[in-house]
Amino acid sequence: DAIHIPEPEEVQHNVEQAVTMYATAIETAENLFSSIEKGKAMPVDAVYDVAGSVVDSIMGDNMTLATITKLQNYDNYTFSHSVNVSVLATMFGRHLGLETDWLNQLAMAGLLHDIDFPLTTTDYAAHGVKAVPMLKEIEGMTEEIIQAVQAHNSEYTGVMPASQMDTALRAAETITGLIHSAALMRPTGMEGMEPRSIKKKMKDKSLAAAVNRDRIRECEQIGLSLDE
């Protein structure tokens with residue numbers, strides 16, 4: 001097949017769409033956590049909309065949205081982390097050839113994997129456990145999403161990854177944390193950071209010592225090499 005080379009106007013349009021979508025996703029994540037902290041109803045419809053937008057964006061233009069995630073604001077890391085995990089996990093899923101329904105579930109799992117964060121900041125062992133009843137309250141929630149959210153903290157929940165979706169979420173969640181830590185050590189933050197730099201940081205245990213590198217390596221079990 002012929003390679004499509006977009007015109008400058010198309011590239012600009014894609015970037016503008018991605019920036020708008022990312023900003024909306026961050027706002028939705030912020031509203032989600034705020035609602036949980038205040039005991040209010042979660043903005044479920046908005047979360048579903050964002051998950052769908054993530055999938056549509058990645059299926060249509062794989063790299064623009066990934067590039068936009070570099071604009072993350074470290075002052076609202078909790079929110080940007082959830083969005084970035086959703087984006088990266090969905091990219092993993094697309095690379096694995098998962099069907100759209102699975103990609104939508106993966107995007108949702110990324111957005112919601114820290115749903116109980118406001119309730120577990122002083123009790124990390126409960127992270128992923130307290131998420132279960134919260135997720136079950138969401139209309140349209142699937143057992144696969146609940147499983148993936150639990151499995152992302154399997155060391156405490158006891159729920160081990162059992163599917164490509166579970167492993168993709170775990171790897172995306174962990175590598176996002178490593179990238180964030182590496183960016184904090186750079187004067188330019190995310191700007192100019194190369195994949196090979198992150199791969200090198202995999203061996204540097206002095207950086208982000210709490211980040212479990214083995215979780216990232218698990219991606220190789222589902223056909224994703226670290227080079228990819």
Side-chain angles (χ1 to χ4, degrees), residues 17-59 65 68-69 71-91 93 98 100-154 156-159 161 163 165-166 168-170 172-173 176-177 180:
Q17 278 195 323
V19 168
T20 299
M21 196 283 287
Y22 190 74
T24 299
I26 294 293
E27 182 180 0
T28 300
E30 185 172 3
N31 290 338
L32 172 67
F33 286 110
S34 177
S35 297
I36 293 168
E37 289 176 336
K38 296 175 181 178
K40 295 182 178 181
M42 293 181 285
V44 174
D45 290 344
V47 176
Y48 274 117
D49 288 344
V50 167
S53 294
V54 168
V55 173
D56 289 344
S57 181
I58 289 174
M59 292 299 288
L65 185 57
I68 297 303
T69 61
L71 300 176
Q72 62 179 307
N73 181 343
Y74 297 117
D75 292 334
N76 62 8
Y77 174 69
T78 300
F79 315 134
S80 60
H81 173 69
S82 295
V83 176
N84 293 343
V85 170
S86 180
V87 171
L88 188 56
T90 305
M91 289 179 66
L98 298 184
T100 303
D101 178 62
W102 284 104
L103 294 179
N104 277 300
Q105 292 192 68
L106 194 47
M108 278 291 287
L111 290 169
L112 298 173
H113 78 281
D114 279 344
I115 189 173
D116 61 5
F117 179 77
L119 309 180
T120 59
T121 53
T122 59
D123 185 15
Y124 190 71
H127 183 44
V129 176
K130 290 187 176 181
V132 175
M134 300 172 71
L135 292 170
K136 288 183 176 180
E137 290 180 5
I138 298 176
E139 184 177 355
M141 182 52 54
T142 67
E143 290 298 325
E144 288 78 11
I145 293 175
I146 294 174
Q147 156 76 23
V149 170
Q150 290 181 285
H152 101 271
N153 196 29
S154 63
Y156 291 97
T157 64
V159 177
S163 67
M165 179 171 155
D166 297 348
L169 179 64
R170 280 169 62 88
E173 192 272 339
T176 300
H180 170 73

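Below, each value reflects all heavy atoms present in this structure, side chains not excepted, and no hydrogens, waters or symmetry copies.
Judged purely by atom type and a 3.5 angstrom limit, S86 has no side-chain atom pairing as donor or acceptor with the backbone of S82. A donor-acceptor pair is defined here as one N or O able to donate and one able to accept, closer than 3.5 Å; such a pair exists between the side chain of S35 and the backbone of N31.
Between L169 and V85, the closest heavy-atom pair is CD1-CG1, 3.7 Å. Heavy atoms only, all atoms of each residue included: E144 and M165 are closest at O-CE, 3.6 Å. Here the closest heavy-atom approach between residue E139 and residue Y48 is recorded as O-OH, 2.7 Å. The two residues A109 and A148 come nearest to each other via the heavy atoms CB-CB, 4.3 Å. Across every non-hydrogen atom of Q150 and G128, the tightest pair is CG-O, 3.6 Å. Smallest separation of non-hydrogen atoms from S80 and I26: CA-CD1, 3.3 Å.
Between M108 and the options V149, I145, T142, V54, a side-chain contact (heavy atoms from CB on, under 4.5 Å) holds for only I145.
For the atom pair CE of M59 and CG of D56, the computed distance is 9.0 Å after rounding to the nearest 0.5 Å. Atoms CG and CD, on L135 and E137 in that order, are 9.0 Å from each other to the nearest 0.5 Å. Between I115 atom CD1 and K130 atom NZ the span is 13.5 Å, to the nearest 0.5 Å. Separating the OG atom in S53 from the CD atom in Q17 is a distance of 9.5 Å, to the nearest 0.5 Å.
In this structure, Y156 places its OH atom where only 12 or fewer heavy-atom neighbours from other residues, nucleotides or ligands lie under 6.0 Å away.
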Inset, instruction - Apply side chain to side chain contact (heavy atoms under 4.5 Å, CB included) to L112 and M141, showing your working. - result: CA-CA 11 Å; L112 298 173; M141 182 52 54; 3.8 Å; yes
Legend entry - Full working for side chain to side chain contact (heavy atoms under 4.5 Å, CB included) between L119 and M134: CA-CA 11 Å; L119 309 180; M134 300 172 71; 3.7 Å; yes
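Under the side-chain contact (heavy atoms from CB on, under 4.5 Å) criterion, A168 pairs with F92, L106, I222, not counting sequence neighbours. For the side-chain contact (heavy atoms from CB on, under 4.5 Å) test, residues two or more places apart in sequence or in another chain that qualify with Q147 are A151, V159, A162, D166.
Pairs passing the side chain to side chain donor-acceptor pair (under 3.5 Å) check and including a residue from residues 111-120, sequence neighbours excluded, read H81-H113, D114-H127, D116-H127.
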